[in-house]
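Let me begin by presenting the structure, written as structure tokens, before commenting on it.
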Amino acid sequence: MSSENPIWALISTFGLMSLFAVGGAAAAVPEMHRIAVDVHHWMTDKQFADAYAIAQLSPGPNVLIVTLIGYAVAGIPGALAATLAMCLPTALLAYYVSRLLNRPSQSRWPGLIQAALVPLSIGLMAASALILAQSTDRTIAALLLTATVALIASVSRVNPLWLLLAGGLLGFAGIV
Amino acid sequence: MSTDSAPATQEPEIPVTPAAPPGLLALFLAFARMSLAGFGGVLVFARHAIVDQHRWMTADEFNETFALCHFLPGPNIVNLSMVFGSRLRGIAGGVAAFTGLLLPPTLIMTVLAIIYARFGDVEVLRRILAGISCAAVGLLIAVVFRMMTPLLKRIDVVVLILMLGVFVAIGILRLPLQAVLLIAIPLSIGLTYVMRRKVAA
């Protein structure tokens with residue numbers, strides 16, 4: 001293998017990946033694992049699993065697992081390069097597409113397409129919630145906590161942060 | 001047809017664009033706040049801030065903007081920040097929201113990477129994080145529920161069946177995403193088209 005600049009390898013890898021990551025960050029995780037662990041040997045399997053947990057449980061978009069991968073490859077510059085490569089190209093694409101669709105245009109197609117995507121989008125999110133719940137809620141207490149939070153957040157306007165803090169406290173106390 | 005949980009006062013159905021759209025700094029700070037609050041995903045907080053707190057969009061507008069960003073490639077909440085910011089304040093607004101969303105958590109994540117490299121795992125921390133993630137799943141369920149309410153109010157059977165179909169295909173049957181979307185997207189566009197023609201006729 002050539003002694004390619006690792007920063008450039010990060011940028012090209014994640015820049016390309018982001019454009020194919022249809023379905024968001026969660027859908028891209030298997031591909032990230034394949035590239036970081038199997039193809040480039042940037043991390044071990046366990047390091048990747050830990051990185052995934054840290055990214056899930058830290059503030060910010062879950063896609064920031066790439067920040068951790070980037071750091072493992074090339075320190076702080078690697079962390080920043082991987083993050084930008086994963087986030088900027090598709091954000092710009094989204095910007096142009098949304099401008100295209102929202103031009104006060106002759107056609108009714110843009111509005112129709114956007115409306116048609118809504119039920120699919122909600123269905124996908126409901127599916128993610130189910131899949132996440134299956135991996136998180138392995139005990140009765142955990143399941144109860146999730147259900148309680150879902151109920152409170154649905155019927156009240158309490159700041160979600162308080163509910164997360166409550167979850168953290170219950171975890172700390174060893175109840176969940 | 002109204003904002004789902006807003007107290008039904010003032011301007012019933014005026015497109016949301018407020019008299020004075022938020023400034024760049026306000027956008028940056030708003031997205032930084034929702035991002036930093038967003039343990040286990042930012043969407044919950046983004047919806048809370050944009051629809052409930054600031055009233056920058058109605059529930060329907062948020063759904064449509066999010067749906068678009070969901071189906072474009074890449075991290076959808078990142079796409080949303082750029083699209084949403086630019087709707088209010090042009091490209092500069094998009095960049096402000098994008099930077100606000102990403103800069104603070106990226107710095108935090110970098111610090112965590114350094115700590116992880118030194119110390120690995122600590123048991124108490126793991127327990128706390130496990131509790132937080134249970135709550136995070138609950139919040140996600142609540143967001144799904146709230147996004148559904150405009151559709152439920154319309155009692156649009158076709159739309160609800162489409163939604164349920166995607167949920168079952170992906171969440172329960174675990175069919176491959178691409179295959180499901182390849183069928184669901186044209187189907188949904190076709191049905192929406194037919195229904196709108198019926199309404200128009």
Side-chain angles (χ1 to χ4, degrees), chain A residues 18-25 27 54 56-64 67-68 71 76 79 83 87 90-91 94-95 98 112-127 129-130 132-133 136 142 145-146 149-150 153-154 157 160-161 163-164 167-168 170-172 176, chain B residues 35-42 44-45 52 63-64 67-79 82-83 86 94 98 102 105-106 109-110 112-113 127-135 137-142 144-145 147-148 159 162-163 166-167 170-171 177 184 188-189 192-193:
Chain A
S18 75
L19 293 175
F20 288 95
V22 179
I54 293 172
Q56 283 288 312
L57 301 169
S58 304
N62 293 335
V63 72
L64 291 183
T67 312
L68 297 169
Y71 182 86
I76 292 175
T83 309
C87 295
T90 62
Y95 168 73
S98 87
L112 192 146
I113 292 173
Q114 286 195 48
L117 294 182
V118 169
L120 310 184
S121 175
I122 297 176
L124 275 181
M125 288 181 42
L130 178 70
L132 282 174
T136 312
L145 173 59
T146 296
V149 168
S154 295
R157 288 169 154 235
L161 195 52
L163 298 170
L164 291 174
L170 289 173
F172 176 73
V176 188
Chain B
S35 181
L36 287 178
F39 291 84
V42 176
V44 184
F45 294 88
D52 296 333
N63 278 0
E64 292 192 1
L68 176 68
C69 296
H70 203 153
F71 282 91
L72 290 170
N76 40 50
I77 198 72
V78 178
N79 292 346
M82 184 66 97
V83 170
S86 65
F98 176 85
L102 284 180
T106 300
M109 205 62 96
T110 307
L112 289 178
R127 284 216 311 269
I128 294 176
L129 295 178
I132 290 179
S133 67
C134 287
V137 174
L139 289 177
L140 180 60
I141 295 172
V144 170
F145 179 72
M147 287 181 79
M148 270 167 57
V159 164
L162 276 168
M163 192 169 67
V166 170
F167 171 72
I170 300 286
L177 181 70
S188 180
I189 290 175
T192 311
Y193 177 74

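Worth knowing before you read on, the calculation uses all heavy atoms, side chains too, and leaves out hydrogens, waters and symmetry mates. Here is the naming used below: chain letters follow the sequence lines, and residue numbers restart at 1 for every chain.
Within the model, atoms CG of B/N63 and CG of A/L117 stand 11.5 Å from one another, a figure rounded to the nearest 0.5 Å. For the atom pair CG of B/L36 and OG of A/S58, the computed distance is 11.0 Å after rounding to the nearest 0.5 Å. Taking CD from B/E64 and OG from A/S121, the interatomic distance works out to 11.0 Å, rounded to the nearest 0.5 Å. Taken from CG in B/L162 to CG in A/L120, the straight-line distance is 6.0 Å, to the nearest 0.5 Å.
Closest of all the heavy-atom pairs between B/A142 and A/A150 is CB-O, 3.6 Å. Closest approach of A/G123 and B/V166 over heavy atoms only: C-CG1, 3.8 Å. The two atoms that bring A/R157 and B/D52 nearest to each other are NH1-O, 3.9 Å, heavy atoms only. Taking all atoms of both residues into account, the shortest heavy-atom contact from A/I122 to B/M163 is CG2-SD, 3.5 Å.
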(request) Check the pair B/F167, A/L130 against side-chain contact (heavy atoms from CB on, under 4.5 Å), reporting the backbone distance first and the verdict last. (result) CA-CA 9 Å; B/F167 171 72; A/L130 178 70; 4.0 Å; yes

(request) Take B/I170 and A/L124 through the side-chain contact (heavy atoms from CB on, under 4.5 Å) test and state the conclusion after the steps. (result) CA-CA 7 Å; B/I170 300 286; A/L124 275 181; 3.8 Å; yes

(request) I would like to know whether B/L102 and A/L64 meet side-chain contact (heavy atoms from CB on, under 4.5 Å); could you show each step before the answer? (result) CA-CA 9 Å; B/L102 284 180; A/L64 291 183; 4.1 Å; yes

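Across B/A67, B/P105, B/C134, the residue that shares the most heavy-atom pairs under 4.5 angstrom with chain A is B/C134. Counting heavy-atom pairs closer than 4.5 Å to chain B, the top residue among A/L170, A/V118, A/I76, A/T90 is A/T90. Here A/L112 is the residue among A/L163, A/I113, A/L112, A/T67 with the most heavy-atom pairs under 4.5 Å with chain B.
Just one residue in the list B/T106, B/N79, B/V78 forms a side-chain contact (heavy atoms from CB on, under 4.5 Å) with A/C87, and that residue is B/V78.
For A/Y95, the parts lying under 4.5 angstrom from a heavy atom of chain B are both the backbone and the side chain. The part of B/I77 that comes within reach of chain A is its side chain, from C-beta onward, which places non-hydrogen atoms under 4.5 angstrom from that chain. Interface residue B/Y193: backbone and side-chain heavy atoms are both found under 4.5 Å from chain A.
By the 4.5 Å heavy-atom criterion applied to side chains, A/T146 and B/I141 are counted as neighbours.
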